[in-house]
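Data first, discussion second: the structure below is written as structure tokens.
This one's a predicted model, so the numbers in the text were calculated from it and none came from an experiment. FYI, side chains are in, hydrogens and waters are out, and symmetry mates aren't considered; it's all heavy atoms of this structure. Each chain gets a letter, A, B and so on, in the order its sequence line appears, and its residues count up from 1.
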Amino acid sequence: MTLKIYNTLTRRKETFISLEEGRLGIYVCGITAYDRCHIGHARSAVVFDVIVRFLRKSGFDVTFVRNFTDIDDKIINRAREEGISTEELAEREIAHFYEDMDALGVKRADIEPRATQHMTEIIALIERLIGKGYAYESGGDVYFSVRKFPDYGKLSGRDLEQLMAGARIMPGEKKVDPLDFTLWKGAKPGEPSWKSPWGKGRPGWHIECSAMSMKYLGETFDIHGGGLDLAFPHHENEIAQSEAATGKQFVRYWVHNGFVTIKGEKMSKSLGNFITIKDILSHYHPEALRLFLLSKHYRSPLDYSAESLREATSALDRCYKALFEAEEIISTPVKKQRPLPDHVKESEAFIKGLGERIQEAMSDDFNTAKALGHLFDAVRSLNRIIEASRKRPSALYREVLEGTMKEMVGASKLFGIVSQRPADYIEKRNLAALEASGLSLLTLKSLIEERNQARKEKDWTKADEIRDSLAQKGIVLKDTPSGTKWSADF
RNA sequence: GGCGGCGUAGCCAAGUGGCUAAGGCGACGGUCUGCAAAACCGUUAUUCCCCGGUUCGAAUCCGGGCGCCGCCUCCA
């Protein structure tokens, strides 16, 4: 199946062809380690996590690189505010990042390079640019001469004259041209610094990504990703640095994810309207967050609200509930070998095609929203099979349910959802509800017993009173043929 | 101001020239139930922001409006 990817560079959906057959390299800009991650970071992480899973599932041998920026102005300022070293701060925030990513089920990249561990490569790249006349040293700083790189602006679609209008030379900068950007910053007293041919200093933000991506993936590689806000100037500058140095195309496909907004506005550190991953996960299941983040196409803006997370939770519940019911039926012995109705066979065949439909949707520029729609179609079909097996049990359902469940759980792996055992998911929710209700399991059971006694005596008023009072505490009762069951209010 | 994107049901969201406009959340009716819950079945956009145009045919392409958002400064 051909894979189509929207390439920011060409502004078109293109057929993806890897540089080397069966293998590909992907580099995604990681975080600057100075603060906790918010949902915007979660979106980027989850989107590329799913993209990498999909590429691997499609048969590619993927090398996935995601960096950490562990030295820059923000880190220096924040460390100073907190009275700790930049290393301590970066170390702490990288640990926080892993904590969040592990909770979210985002897999580690194959290589996770840090800027401070690649000074040799960074300095070598800057020297190469100076040697070729694309960069110049000025009073301990090194700058890139934007005007010497004719392709500048090709990614973000701007020309130099437009950029001139907004360009300024900040106090303390020693640029020749306001458009030029920093490759190396001379150290001010008290700042962390590394030795270089231009004196002590530290790298600019853009050069580290060029140096590290090319080190691990080669001078030309397949995919470079990141948030849409990085397209300009960060990625534009990466192209300029890398292509000026090598004379080769830097990246073949540029993939940018859209923003998470809140009340329609971009969520960002600078606006202060962000919600951290940690905060969200204290209220919602990590898989509900993943489902929410994947519910819309990765390039579109995605508006966060508590309501949207609740909806995602309901949708996730729907998946788990269906699988849980299916497991229950499987574990209930049935002797009769009644033949299965045609509609059950149709549903079974339909579910068996799920993986293929998801593959197709994902092959069209990673259309997770469409793919998830297919998953929910399968949930409905599974529920139909469950319904039928409840009406007319047959031992033959066992194999049907096992096969369809396996297909659905297997397909969901791509999205990193439904990864728990359904019984565990349901039980965890139920126990949480029980705890929140303030009742003990014993009390709850005796209340259910009391109600069933009332039901036997057809004292509906009393039975309903008990049920209503439990419902108010978040415990829902269901009277099923196999007895009364309690659960959280899903 | 320059560049880019978006506007599909009550809400979220796929679909970007032709089969009944996916799916989720919610609401309503039915089956089940003592009544419920869950699940299933059905209903919930004769129409895709508005106005023109191209076409045998447009939510989808083109032109013009209106509205919203992003980038142009650090930001996933």
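Under the Watson-Crick and G-U wobble criteria, each requiring two contacts below 3.5 Å, nucleotide G26(B) is paired to U44(B). With a 3.5 Å ceiling on both atom-pair distances, C19(B) lacks any Watson-Crick or G-U wobble partner. Checking C61(B) for Watson-Crick or G-U wobble geometry (two distances, each under 3.5 Å) identifies G53(B) as its partner. A 3.5 Å limit on both hydrogen-bonding distances identifies no Watson-Crick or G-U partner for A9(B). With both pairing distances under 3.5 Å, G1(B) is matched to C72(B) as a Watson-Crick or G-U wobble pair.
Of the candidates Tyr27(A), Phe48(A), Phe64(A), Tyr27(A) is the only one forming a ring pair (Phe, Tyr, Trp, His ring centres under 6.0 Å) with His224(A). With Asp317(A) as the fixed residue, the salt bridge (charged side-chain N to carboxylate O under 4.0 Å, His left out) test singles out one of Lys428(A), Arg429(A), Arg310(A): Arg429(A).
If you check G4(B), G23(B), A76(B) against the side chain of Asp377(A), the one that comes closest is G23(B). Among the nucleotides C71(B), G34(B), A39(B), the one closest to any side-chain atom of Phe259(A) is C71(B). With U73(B), G2(B), A76(B) as the choices, the nucleotide that has an atom nearest any side-chain atom of Pro233(A) turns out to be U73(B). Of the candidate nucleotides C35(B), A76(B), G24(B), A76(B) has the atom lying nearest to any side-chain atom of Asn257(A). Side chain of Phe376(A), nearest nucleotide from G24(B), A36(B), A38(B): G24(B). Considering only side-chain atoms of Asp479(A), the nucleotide from A38(B), C35(B), A76(B) that sits closest is C35(B).
Gly264(A) comes within contact range of the sugar-phosphate backbone alone, with a heavy-atom separation under 4.0 Å but no base atom that close. Within the 4.0 angstrom heavy-atom criterion, base atoms lie near Lys74(A). Here Leu375(A) lies out of heavy-atom contact (under 4.0 Å) with every strand. Across all strands shown, Lys485(A) has no heavy atoms under 4.0 Å from either base or sugar-phosphate atoms. Nucleic acid contact for Val260(A): base, since at least one base atom lies under 4.0 Å from a heavy atom of the residue. If you check every strand for non-hydrogen atoms under 4.0 Å, Gly258(A) touches a base. Nucleic acid contact class of Arg158(A) (heavy atoms, under 4.0 Å, all strands): base.
At whole-Å resolution of the value, NE2 in His235(A) and P in G70(B) are 20 Å apart. Between the CD atom of Glu161(A) and the P atom of G2(B) there is a distance of 16 Å, rounded to whole Å. Rounded to an integer number of Å, the gap from CZ of Phe68(A) to P of A76(B) is 13 Å. The separation between Glu387(A) atom CD and C40(B) atom P is 7 Å, rounded to whole Å.
Listed pair Lys266(A) / C71(B) meets the phosphate criterion, a side-chain N or O lying under 4.0 Å from OP1 or OP2. Between Arg380(A) and the phosphate of C41(B), there is a side-chain N or O to OP1/OP2 separation shorter than 4.0 Å. Taking side-chain N and O atoms only, Arg36(A) has no distance below 4.0 Å to OP1 or OP2 of A76(B). For the pair Arg318(A) and G24(B), the criterion of a side-chain N or O lying under 4.0 Å from OP1 or OP2 is met. Phosphate contact (OP1/OP2 of A39(B), side-chain N/O of Asn383(A), threshold under 4.0 Å): absent.
Using a 30° and 60° split on the angle between ring planes, Phe221(A) and Phe250(A) fall in the perpendicular class, above 60°.
Side-chain polar atoms of His256(A) and Thr8(A) form a donor-acceptor pair below 3.5 angstrom. At a cut-off of 3.5 Å, with distance as the only test, a side-chain donor of Ser156(A) or Arg158(A) sits close to an acceptor on the other residue. Side chains of Tyr425(A) and Glu287(A): no donor on one and acceptor on the other come within 3.5 Å. Side-chain atoms of Ser308(A) and Asp303(A) form no donor-acceptor pair, as typed in the model, at a separation below 3.5 Å.
Rounded to a whole angstrom, the distance from the P atom of C19(B) to that of G53(B) is 23 Å. One C1' atom belongs to C66(B), the other to C49(B), and the distance between them is 8 Å to the nearest Å. Taking atom C1' in both C62(B) and U54(B), one finds a spacing of 7 Å when rounded to whole Å. A gap of 50 Å separates the C1' atoms of G2(B) and U43(B), to the nearest Å. The P atoms of U8(B) and C50(B) are separated by 10 Å, rounded to the nearest whole Å. When the P atom is used for both A14(B) and A9(B), the distance is 13 Å, rounded to whole Å. For the P atoms, the distance from G4(B) to A45(B) is 37 Å, rounded to whole Å. Comparing the C1' positions of A22(B) and C12(B) gives an interatomic distance of 14 Å, to the nearest angstrom.
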Can you pull every protein N or O that's under 3.5 Å from an N or O on nucleotides 12-14 of chain B?
| from | atom 1 | to | atom 2 | distance (Å) |
| --- | --- | --- | --- | --- |
| A13(B) | OP1 | Lys296(A) | NZ | 2.7 |
| A14(B) | OP1 | His297(A) | N | 2.6 |
| A14(B) | O3' | Asn367(A) | ND2 | 3.0 |

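On a pure distance criterion of 3.5 Å, a polar donor-acceptor pair joins the side chain of Arg467(A) and the base of A36(B). The base of G2(B) has none of its N or O atoms less than 3.5 Å from a complementary donor or acceptor on the side chain of Asp159(A).
Positionally, the nearest nucleotide of RNA chain B for Tyr6(A) lies more toward the 5' end than for the other of Gly227(A) and Tyr6(A). Mapping Ser381(A) and Ser314(A) onto RNA chain B by nearest heavy atom places Ser314(A) at the nucleotide closer to the 5' end.
A cation-pi arrangement, defined by a distance under 6.0 Å to the six-membered ring centre and an angle within 45 degrees of its axis, is absent between Arg147(A) and Tyr152(A). A cation-pi geometry, defined here as NZ or CZ lying under 6.0 Å from the six-membered ring centre and within 45° of its normal, holds between Lys269(A) and Tyr34(A).
The closest side-chain heavy-atom distance from Val251(A) to Glu238(A) is not below 4.5 Å.
Salt bridge status for Lys462(A) with Glu465(A): absent, with no side-chain N to carboxylate O gap under 4.0 Å.
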